[in-house]
Every structure is written in structure tokens, then in C-alpha cells.
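One structure below.
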Amino acid sequence: QVHLVESGGGLVQAGGSLRLSCAASGRPGRYYVLGWFRQAPGEEREFLASDTWSGGRTYYIDSVKGRFTISRDNAKNTVYLQMNSLKPEDTAVYYCAAVPSGGGWYGGSASWGQGTQVTVSS
């Protein structure tokens with residue numbers, strides 16, 4: 001499994017931007033899928049975006065499409081989530097995850113970071 005550590009969360013005003021980072025210990029295999037999720041208080045964990053470690057297969061949910069961008073720096077073993085035009089409803093703990101292609105995000109082969117808090121004030 002891959003060990004993941006998120007960073008970059010914080011407090012930002014509505015309309016602002018943040019970039020979250022997810023550093024992976026070891027190099028995820030090219031067939032790994034990297035994803036970003038979030039969980040607001042009292043809510044279920046929500047998938048946001050994903051890409052393969054080899055790149056080129058990004059996917060976003062509609063509510064963040066055009067505002068959030070997932071990217072990778074393979075040399076740094078790091079995945080990013082650039083978040084623009086933030087809204088108060090984006091307030092949540094944000095998590096990154098990695099899973100071998102074909103595996104489930106909540107299966108035994110998935111790895112999760114510890115989460116980073118993002119708070120958007122109105």
C-alpha cells in the first residue's frame with residue numbers, strides 16, 4: 001500500500017483559492033488511480049476528482065467541474081487539487097486516496113491520507 005499525507009488546507013474567504021497537496025511515500029504504480037474526496041460534518045464522504053498515476057484520465061463530479069483541477073508531479077510523488085472560486089459549501093475535511101486500477105476506494109487495497117481541513121468563510 002501507499003502512504004499518503006495531505007497538506008495545504010486552511011481558512012479562505014469565499015471566492016478564494018487553495019491548493020491541496022497529497023504526498024505519496026513510494027511511487028504508486030502506473031495503474032494506480034489517485035482520488036480526492038471530502039467529508040463535511042454530518043455528511044457522507046464525497047468523491048470529487050480522480051486521475052491515473054500515468055495521467056490523462058481525469059474525472060470530476062459536476063459540482064466541482066471547472067473550479068477544481070487535479071494534477072500530478074510524478075517526480076515528487078505528489079498529487080494536487082487546485083480549488084478556485086471556493087464557496088462556503090466547500091467547507092469540509094479533504095482526503096486523498098490511491099487504489100490500484102480496478103480496486104474499490106473502500107476496499108482493502110486502497111490507501112487514504114489523514115485529511116486536511118478546508119474552511120470557506122462567507
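What you see is a predicted model; the values in this text were computed from it and never measured.
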So which heavy atom on [X] is nearest to which on [Y], and how close?
X	Y	result
A14	S122	CB-CA, 4.4 Å
E43	Q39	O-NE2, 3.1 Å
A97	F37	CB-CE1, 4.1 Å
V2	A24	CG1-CB, 3.7 Å

May I ask you to test the [X]-[Y] pair for a side-chain heavy-atom distance under 4.5 Å?
X	Y	value
Q117	L11	no
Y60	T69	yes
V118	R38	no
V33	R57	no
Y94	L48	yes
Y106	V99	no
L34	D51	no

Answer yes if [X] and [Y] sit in the same cluster of Ile, Leu, Val, Met, Phe, Trp and Tyr residues linked by side chain heavy atoms under 4.5 Å apart, and no otherwise.
X	Y	answer
V5	Y32	no
L81	F47	yes
V93	L20	yes

What's the spacing between [X] [atom1] and [Y] [atom2] if we round to 0.5 Å?
X	Y	atom1	atom2	answer
Y59	S50	OH	OG	8.0 Å
S63	D90	OG	CG	7.5 Å
S21	L4	OG	CG	12.5 Å

* **Derivation of the side chain to side chain contact (heavy atoms under 4.5 Å, CB included) call for V12 and M83** => CA-CA 11 Å; V12 64; M83 306 187 295; over 6 Å; no
* To do: Apply side chain to side chain contact (heavy atoms under 4.5 Å, CB included) to the pair W36 and V79, showing each step before the final yes or no.
  => CA-CA 9 Å; W36 283 98; V79 180; 3.6 Å; yes
* Evaluate whether atom CD of Q13 has more than 12 neighbouring non-hydrogen atoms of other residues, nucleotides or ligands under 6.0 angstrom away. =>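 Count not over threshold, so no.
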* Do R45 and W105 meet the cation-pi criteria used here (NZ or CZ under 6.0 Å from the six-membered ring centre, within 45° of the axis)? ->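 No cation-pi geometry.
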* Asked: Are any of the side-chain nitrogens in D62 or K65 under 4.0 Å away from the carboxylate oxygens of its partner?
  ->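 Counted as a salt bridge, because a side-chain N and a carboxylate O are separated by less than 4.0 Å.
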* Asked: Side chains of S17 and N84: donor-acceptor distance under 3.5 Å anywhere?
  ->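 Short answer, yes.
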* To do: Taking R72 for its side chain and W53 for its backbone only, find out whether a donor-acceptor pair lies under 3.5 Å.
  =>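 Between the backbone of W53 and the side chain of R72 there is a qualifying donor-acceptor contact (under 3.5 Å).
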* Would you check if the side chain of E6 reaches a backbone N or O of Q114 as a donor-acceptor pair within less than 3.5 Å? =>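 Yes; judged by distance alone, with no hydrogens or angles, the pair exists.
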